[in-house]
Amino acid sequence: MTDDHATPPSAERAVARLLGLLELEEVETDLFRSQSTDEGWIRVYGGQVVAQALMAASRTVEAPDAPLRLCHSLHSYFIRPGDPKLPIVYKVERDRDGASFTTRRVIAIQKGRPIFNMAASFQLPEDGLEHAVAPPSDVPHPDTLQSDADWTRENAEQAPEPWRSIWLKRERPLDTRPTEPDSIEEFFNPKKRPPQQRHWIRLAAPLTAGQAADPVLQRCLFAYASDMTVLDTCLGPHGISWANPALQSASLDHAIWFNQTPDMNQWHLFDQDSPMAMGGRGMNRAIVHDIQGRPIACVMQEGLIRYRP
């Protein structure tokens, strides 16, 4: 088995753009502005806002004479859809700087209105009791699976618009590989299945050694990836594709608990399930292990799944 990256120019460009999105401009104390990007999205991708908000909050956690405090958990709400053609302003509130924990609140603003808010907690490194569930043992190695990028290129000509154009043009910063890929027919007309799915995810092109050694950047990159596949899980039992025009879907809230710093150069297994759905909302969760089987994080997300055939 190999962990080498195949890095076509499109992947390198996409990862470079993602890193650029995380280079926030500090326009005033505790006030940051993101770069804008227009990747053809109808609204700003939720993982981008979570990652940028986490970066903004992390920039205000100062530890000049102590070990770096890293985010151990964040809880966020998506309030309004963001416009991908406009920059986003992130306002950070310094709620508390304690002996062990630091708490921050972040509001993301566009056109003078909040589109997102987040509370994040940071902790000094600390030893303590440890246990973790074992990763699933029956999962194919990612090297044996096809990437979503390759799958969409192969199937684009069979897809209706606007999917054909999106799949042919979009450059993806993440290499995402489902353990049970769909056919093109199943993608648009899926059969009902249990509310479970698994994806391997890493960056599509590797970070430099300096970037890979930055734990804040690694956690922000993970936050970006954590919104990519989780919401789909709650649609499985209903046989509905998220591409179905009768479905209105969106992330409502998003939470991450970090157990360790991820290495987004390496593969991470998102082991996802959906314990329930009702009231036009679906609950989704993921336990994430790295390629060595170490527990990296837990993710939970409630999403809007309003179906109007």
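Treat the numbers as computed from the prediction; the structure is a model and nothing was measured. Side-chain atoms are counted along with the backbone in the values below, which use heavy atoms only and exclude waters and symmetry mates.
- Using a 4.5 Å heavy-atom cutoff, the side chains of Val230 and Ser251 are not in contact.
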- Message: Does Asp83 form a side-chain contact (heavy atoms from CB on, under 4.5 Å) with Lys111? I'd like the steps, not just the answer.
- Response: CA-CA 9 Å; Asp83 186 338; Lys111 302 177 184 178; 3.9 Å; yes

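- In this structure the side chain of Arg13 reaches within 4.5 angstrom of the side chain of Ser10, judged on heavy atoms.
- Side chains of Arg170 and Thr152 form no contact here, defined as non-hydrogen atoms less than 4.5 Å apart.
- Val106 and Ile109 fall into different hydrophobic clusters, where Ile, Leu, Val, Met, Phe, Trp and Tyr residues are linked whenever their side-chain heavy atoms come under 4.5 Å apart, directly or through other members.
- Taking the side chain as every heavy atom from C-beta outward, Ile79 and Phe116 never approach each other to under 4.5 Å.
- A continuous path of hydrophobic side-chain contacts links Tyr45 to Val49 [ILVMFWY only; heavy atoms under 4.5 Å].
- Look at Asp97 and Arg104 and you find a salt bridge, because one of the NZ, NE, NH1 or NH2 atoms lies within 4.0 Å of a carboxylate O, short of that distance.
- Checked against Leu22 for a side chain to side chain contact (heavy atoms under 4.5 Å, CB included), the options Gln52, Gln35, Gln48 give a single hit: Gln52.
- Looking only at distances, no side-chain donor or acceptor of Thr233 sits under 3.5 Å from a matching main-chain atom of Gln196.
- The shortest non-hydrogen separation linking Ile240 to Pro190 is C-CG, 3.6 Å.
- Annotation for Ser249 and Leu231: closest pair CB-CD2, 4.4 Å, computed over non-hydrogen atoms.
- For Gln218 (side chain) and Met264 (main-chain N/O), a donor-acceptor pair under 3.5 Å exists by modelled atom type.
- Looking at Asp273 and Arg285, a side-chain N of the basic residue comes within less than 4.0 Å of a carboxylate O on the acidic one, giving a salt bridge.
- Ile107 and Leu74 fall into different hydrophobic clusters, defined by Ile, Leu, Val, Met, Phe, Trp and Tyr side-chain heavy atoms under 4.5 Å apart, directly or through other members.
- Checking Glu126 against Ser100 by side-chain atom types alone, no donor-acceptor pair falls below 3.5 Å.
- Within 6.0 Å of CD in Glu161 there are more than 12 heavy atoms belonging to other residues, nucleotides or ligands.
- Using cut-offs of 30° and 60° on the angle between ring planes, the pair Phe222 and Phe270 is parallel.
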- Task: Take Phe32 and Met55, measure what side-chain contact (heavy atoms from CB on, under 4.5 Å) needs, and give me the verdict at the end.
- Result: CA-CA 10 Å; Phe32 302 86; Met55 179 61 77; over 6 Å; no

- Message: Evaluate Arg94 against Thr102 for side-chain contact (heavy atoms from CB on, under 4.5 Å), listing each step before the verdict.
- Response: CA-CA 8 Å; Arg94 304 188 184 215; Thr102 294; over 6 Å; no

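- Residue pairs that meet the side-chain hydrogen bond (donor to acceptor under 3.5 Å, both in side chains) test with at least one member in residues 73-82, sequence neighbours left out, do not exist here.
- Of all the heavy atoms in Leu269 and Pro136, the pair that sits closest is CD2-CG, 3.7 Å.
- A heavy-atom distance below 4.5 Å is not found between the side chains of Ser34 and Leu21.
- With no hydrogens or angles considered, a side-chain donor-acceptor pair links Gln301 and Asp227 at under 3.5 Å.
- Glu25 is linked by a side chain to side chain contact (heavy atoms under 4.5 Å, CB included) to Val27, Arg33, counting only residues two or more places apart in sequence or in another chain.
- Among His289, Arg198, His199, the one residue that satisfies the side chain to side chain donor-acceptor pair (under 3.5 Å) test with Asp271 is Arg198.
- A 6.0 Å sphere centred on CG of Asp138 holds more than 12 heavy atoms belonging to other residues, nucleotides or ligands.
- The aromatic rings of Phe187 and Trp151 sit tilted relative to each other, their planes meeting at an angle between 30° and 60°.
- A donor-acceptor distance shorter than 3.5 angstrom exists from the side chain of Arg59 to the backbone of Leu24, with no hydrogens or angles considered.
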- Task: Evaluate the criterion side-chain contact (heavy atoms from CB on, under 4.5 Å) for residue pair Asp175 and Trp200; output intermediate values, then yes/no.
- Result: CA-CA 8 Å; Asp175 187 346; Trp200 289 102; over 6 Å; no

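- Within the 4.5 Å cutoff, side-chain heavy atoms of Val44 are placed close to those of Pro84.
- Using a 4.5 Å cut-off on side-chain heavy atoms (C-beta onward), Leu168 and Glu157 make contact.
- Linking Ile, Leu, Val, Met, Phe, Trp and Tyr residues whenever their side-chain heavy atoms come within less than 4.5 Å leaves Leu86 and Ile115 in two separate clusters.
- When atom types are taken as modelled, the side chain of Gln158 and the backbone of Asn155 share no donor-acceptor pair closer than 3.5 angstrom.
- Side-chain atoms of Arg177 come within 3.5 Å of backbone N or O of Pro142 as a donor-acceptor pair.
- The shortest side-chain heavy-atom distance between Arg17 and Pro173 does not fall under the 4.5 Å cut-off.
- A donor-acceptor pair is defined here as one N or O able to donate and one able to accept, closer than 3.5 Å; such a pair exists between the side chain of Thr144 and the backbone of His141.
- Side-chain heavy atoms closer than 4.5 Å link hydrophobic residues (I, L, V, M, F, W, Y) into clusters, and following such links, even through other members, never connects Ile296 to Ile287.
- Between the side chain of Asn284 and the backbone N or O of Gly282 there is at least one donor-acceptor pair closer than 3.5 Å.
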